[in-house]
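Below is one structure; the comments refer to it alone.
Every value quoted in this text rests on a predicted model; they were computed, and no experiment measured them.
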Amino acid sequence: NGVVTADSVTTSLIGEAELIVDKRVVGGGPVAPGDEIEYVISVSNTDSSDDVFGAEVEDFFPLPIDSLTWSCQATTPVPGDIEPLMTAGAPDTAGDAVVISGDGRHVYVAGTEPDSVFAYDRTATPGAGFGNVTLIETETNGIDDGGDAGGVVSGMNGPRDLLLDPLGRVLYVLSFDAVDGASLAAFARVTDPVAPTFGELTFLGAISADLPAEPTGLAVTGERIYVAGLGNPDPGATPGNSDPIIAIFSRDPVSSLPVIDSIRTAEVPADVRDLAVDAAEEYLFAGGDELRMYTIDEAQPGVPAGRLTAVSQLTDGDALFGMAMAPDQPQLVARSISGGSGRLVVVDYLDAMDDPALSSAFAFDAGDMTLPAGVTDPLLGPGAISIAPDGEHLSGVSADESALFTFRRDPGSGDLVFQEIDVVDQPSTGVNGGLREAADLVHAPDGRHLLIAAGADDPIAVPPATNP
């Protein structure tokens, strides 16, 4: 009947692990006082154990030994290093956008070419199979999968973006087709962890009215849905216009479908590309030829909550877009195009008095990266960036270069230092077939994996493992 209900239970799990510690002398036998001795301590985890975080190794010398000097050269996984874990999905089902549920249990991938959304179950508990994903359902435009009460899916011709609402109950899918135009579909997500259909989707409906003629960005808060794009659908606007707008929708309390509230035309970036919202849902950011910042206003007499007030703007080169919000401070990282080259720009969005104000803190370009042969500028062209939940790493993908790159990030200042890059089928970086035309990525909430949507003929979801 279209009613979305949910419940949740919070519990604690106790992991078990069996560590093996081995200590051995490297060559030689007994040594005389004053001689040097070299030994190695190895710590390993059995295959049946859960993952262990924050383990420490101590080595105590016998009390009779004094005047001892020693040094240690530890070899441990480098935090943030990325190793391919697996690919998932059928060949020729390209992915263009990816989102993960807040509990890390499910991943949803939008495929523009197959007009589909792919739902995956993810093993979110450390241990055997940690991080692996398994396809559980596919929702395709024009098809009733028969597994739920949702009926035939509509309004999903050419899905290009998707987001879950903050409670993880409803998935919104933004689509665009040159013939059918723009549409926004809604799916209810099964949130009961004991239900056999946990994580599966039920089609709720779709709208096509009041959307930009060519939508480019989507943002979802607890109360509102924001859609950016070009082409004002207002009947009073010039027919065939390409005006930049942000359409503001409320959410129907019964069906969760979008209901138009207003269309913002003033102080919107001329080439508006995407939207982002801070974790507290106080500010909305719109990227394009400039970066715009708005307050998300509370309700006023005669004016509903969720309207926008422009408070700051920032320019950097020809464009500033593709924002990734920092989890640890009022800061974001955006992609920029300047002089035909790509850049990453670190932006503070509050001033010293905690008032909204955009300011550039750092900028980085391909010259700050060590690139393998054949790769010229992974920061230019289509792609996405994501900041790890602990704020210590930033990763991004380049569709043109079929690459995945990582920067170390200082959680205090936001400063970035290049760490590594992986390129599809590049001998020097490994065979990473799942990166071909990589379009979008997201960090898992546990920070241990990346989920990547690849846009070519490779499997649609690629989660490489990353060390803590």
Side-chain angles (χ1 to χ4, degrees), residues 4-16 50-51 53 85-86 88-89 95 97-110 117-139 148 161-173 186-202 204 218-223 251 256 277-281 324-328 386-393 395 440-453 460-468:
V4 179
T5 60
D7 199 357
S8 63
V9 175
T10 301
T11 184
S12 297
L13 300 176
I14 299 176
E16 294 184 354
D50 292 328
D51 288 1
F53 302 89
L85 176 62
M86 66 173 295
V98 60
V99 67
I100 188 168
S101 58
D103 57 9
R105 294 285 302 274
H106 298 102
V107 182
Y108 302 93
V109 178
V117 169
F118 305 91
Y120 294 86
D121 177 81
R122 174 178 177 266
T123 303
T125 304
F130 182 35
N132 288 353
V133 298
T134 304
L135 182 68
I136 57 174
E137 184 187 24
T138 301
E139 296 281 354
D148 52 57
D161 200 1
L162 76 173
L163 285 175
L164 285 163
D165 76 326
L167 296 179
R169 298 175 179 178
V170 182
L171 179 74
Y172 292 96
V173 183
F187 294 84
R189 172 178 174 257
V190 179
T191 57
D192 181 359
V194 301
T197 56
F198 182 37
E200 293 186 9
L201 303 172
T202 299
L204 297 175
L218 175 67
V220 179
T221 69
E223 296 183 345
R251 298 166 59 188
S256 295
V277 176
D278 73 316
E281 298 184 359
M325 306 303 300
D328 43 28
S386 175
I387 299 177
D390 61 6
E392 295 185 357
H393 295 90
S395 294
D440 195 14
L441 82 166
V442 63
H443 280 87
D446 51 51
R448 294 281 291 176
H449 300 95
L450 283 169
L451 289 302
I452 299 173
I460 59 173
V462 186
T466 177
N467 297 309

Tell me if a side-chain donor or acceptor on [X] pairs with a main-chain N or O of [Y] at a distance below 3.5 Å.
X	Y	answer
Asp440	Val98	yes
Arg105	Thr191	no
Glu200	Glu137	no
Tyr108	Gly199	yes

Give me the atom names and distance for the closest heavy-atom approach of [X] to [Y].
X	Y	answer
Ser256	Arg251	O-CB, 4.4 Å
Pro445	Gly102	CG-O, 3.4 Å
Leu201	Asp148	O-OD2, 2.9 Å

Next on the checklist: Is any side-chain heavy atom of Arg189 closer than 4.5 Å to one of Phe198?
Outcome noted: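 Phe198 reaches Arg189 side chain to side chain.
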
Separation of [Y] [atom2] from [X] [atom1] (nearest 0.5 Å):
X	Y	atom1	atom2	value
Ile100	His106	CD1	NE2	10.0 Å
Leu162	Tyr172	CG	OH	13.0 Å
Leu163	Leu218	CG	CG	4.5 Å

Item to check | Neighbour count >12 (heavy atoms, 6.0 Å) for atom CD, Glu223 | outcome: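 Not buried by this count: 12 neighbours or fewer within 6.0 Å.
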
Item to check | Non-neighbouring partners of Asp446 that pass salt bridge (charged side-chain N to carboxylate O under 4.0 Å, His left out), sequence neighbours left out | outcome: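 For Asp446, the residues satisfying salt bridge (charged side-chain N to carboxylate O under 4.0 Å, His left out) (neighbours in sequence not counted) are Arg122.
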
Checklist entry - Considering residues at least two apart in sequence or located in another chain, which fulfil the side-chain contact (heavy atoms from CB on, under 4.5 Å) criterion with Leu167? => result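 Applying side-chain contact (heavy atoms from CB on, under 4.5 Å) to Leu167 gives Asp165, Arg169.
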
Checklist entry - When Val99 is tested against each of Val107, Val117, Val442, Leu171 for side-chain contact (heavy atoms from CB on, under 4.5 Å), which residue passes? => result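 Passing option: Leu171.
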
